[in-house]
Amino acid sequence: MSTDQKSTPRSGGLRTTGLTVRYGGNVANENIDLEVLPGQIVGLIGPNGAGKTTFVDAVTGFTPAEGTVELAGERIDAMRPHLRRRRGLSRTWQAGELFGNLTVEQNVVVATRPGGLGTVVRDLFGRRRQETDPRVAKALQTVGLAGFEQKLARDLALGQQKLVGVARALVGRCELLLLDEPAAGLDSSESMEFADRMRTIVDDGGPGVLLIDHDMSLVLSVCDRVYVLEFGKLIFAGTPEEARTDPAVVAAYLGVPMENTDA
Ligand SMILES: Nc1ncnc2c1ncn2[C@@H]1O[C@H](COP(=O)(O)OP(=O)(O)OP(=O)(O)O)[C@@H](O)[C@H]1O
């Protein structure tokens, strides 16, 4: 495994050390050391069942794990999921996260309210309708959806709906953004458009991003670094260029040239 991880503490981003998840006798993640620095897009890939979702669940606190998780230099592994979120660990979900009958703006507002959807609905039908929260406006501008605030979420193209999901994750404190299969359902040009937007967000001072996806061309083209999981273990960490020719990575993908592989 090639890696250039340093042992000095970082002031931002995500770092896991020795992250291990067991489901009975099955070790779904084994000693995972992974780092995402601010300003980086880092890919996490691996064949079906390799342990990618388990890793996300462990980092976000939805699955018990051994080892440490640091966010922006602070240990968060003893925290419950909502506290990790408050510290700036944000994620998007694979599917079904938007409320189709609400506007784009309302969908993002939901993420800013402690009461979630219930509070927003009360605001809509009660007298507490407020001006647009500047954080919401900024998040929508960041993802390129300024001007779409009053459209219904269901009327947007799928790629735009995914960007609403990103805006929701970005609103409030965001030290690290976990993108869980953002390209699912997108065609290759929509995926690349999404990737370009993510690159711009990160390069413009956005958070570090951990991108988990089956779309290899997306991951290899947009990521600064790539980690590859197989049977719960990291078999590779390095640049996308190194991943394309690494024998263990190629073997994990059955020898198919990686540009053409759909994990
Ligand atoms: N809640 C659970 N209880 C028991 N075993 C589980 C549980 N969740 C996942 N596993 C097992 O852990 C291993 C890793 O699964 P995981 O879903 O994390 O892989 P993945 O890389 O995300 O797969 P996919 O690409 O298909 O989503 C698999 O062997 C799976 O069967």
Side-chain angles (χ1 to χ4, degrees), residues 1 3 14-36 41-69 76-77 80-81 84-85 89-97 158 162 165-166 169 176-188 191 194-195 198 209-223 225-238 240 243-244 246 248-263:
M1 180 174 115
T3 174
L14 174 78
R15 177 192 273 188
T16 68
T17 310
L19 200 80
T20 299
V21 178
R22 299 172 206 279
Y23 294 120
N26 179 14
V27 186
N29 279 177
E30 185 171 344
N31 270 322
I32 308 294
D33 295 345
L34 180 148
E35 188 172 42
V36 184
I41 302 180
V42 172
L44 178 62
I45 59 177
N48 287 327
K52 303 178 297 293
T53 302
T54 299
F55 180 80
V56 172
D57 288 346
V59 165
T60 49
F62 287 96
T63 289
E66 300 158 35
T68 65
V69 182
I76 60 165
D77 43 80
R80 293 170 63 188
R84 299 186 196 203
R85 171 67 188 95
L89 186 64
S90 296
R91 72 176 291 184
T92 61
W93 303 83
Q94 282 183 31
E97 66 173 326
L158 185 59
K162 302 219 176 213
V166 173
L176 192 282
L177 175 58
L178 291 160
L179 295 178
D180 194 358
E181 301 207 16
L186 300 181
D187 66 28
S188 55
S191 308
F194 182 87
M198 289 314 303
V209 170
L210 182 62
L211 170 64
I212 296 106
D213 210 284
H214 285 271
D215 184 336
M216 298 299 295
S217 52
L218 169 75
V219 170
L220 294 181
S221 64
V222 75
C223 289
R225 286 175 56 75
V226 177
Y227 290 84
V228 182
L229 268 176
E230 189 184 34
F231 300 122
K233 291 185 186 166
L234 274 185
I235 60 165
F236 175 84
R244 283 192 174 95
D246 184 89
V249 178
V250 173
Y253 283 88
L254 303 172
V256 179
M258 295 197 65
E259 290 84 344
N260 303 325
T261 303
D262 183 13

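When a ligand or atom number is given, it counts from 1 through the structure's own listing order.
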Give the atom numbers and elements of ligand 1 that come within less than 4.0 Å of a heavy atom of Lys52. 18 (O), 19 (O), 20 (P), 21 (O), 22 (O), 23 (O), 24 (P), 25 (O)
Is it true that Glu66 and Arg22 have a side-chain N and a carboxylate O under 4.0 angstrom from each other?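 Arg22 and Glu66: salt-bridged.
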So between Phe62, Phe231, Tyr23, whose heavy atom ends up nearest atom 4 (C) of ligand 1? Tyr23
Out of Asp57, Thr54, Thr63, Asp213, who gets a non-hydrogen atom closest to atom 18 (O) of ligand 1?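 When every heavy atom of Asp57, Thr54, Thr63, Asp213 is considered, Thr54 comes closest to atom 18 (O) of ligand 1.
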Geometry only, no angles: is Gly49 polar-contacting ligand 1 at N/O separations under 3.5 Å?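 Between Gly49 and ligand 1 (N or O atoms, distance only) the closest approach is under 3.5 Å.
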Counting both backbone and side chain atoms, is some N or O of Gly46 under 3.5 Å from an N or O of ligand 1?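 By distance alone, the answer is no.
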So for Asn26 against ligand 1, with non-hydrogen atoms under 4.0 Å, the contacting part is side chain
From CZ (Arg91) to CD1 (Ile212), nearest 0.5 Å: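 Result: 8.0 Å between the selected atoms.
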Begin with the C-alpha distance, continue with both residues' side-chain angles, and end with the deciding distance and a verdict on side-chain contact (heavy atoms from CB on, under 4.5 Å) for Leu210 and Tyr227. CA-CA 10 Å; Leu210 182 62; Tyr227 290 84; 5.5 Å; no
For a side-chain contact (heavy atoms from CB on, under 4.5 Å) with Leu14, tell me which candidate from Val209, Leu177, Val69 qualifies.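 Exactly one candidate clears the test, Val69.
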Is it the case that the side chain of Lys52 and the backbone of Leu229 share a donor-acceptor pair, with hydrogens and angles ignored and the cut-off at 3.5 Å?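 No.
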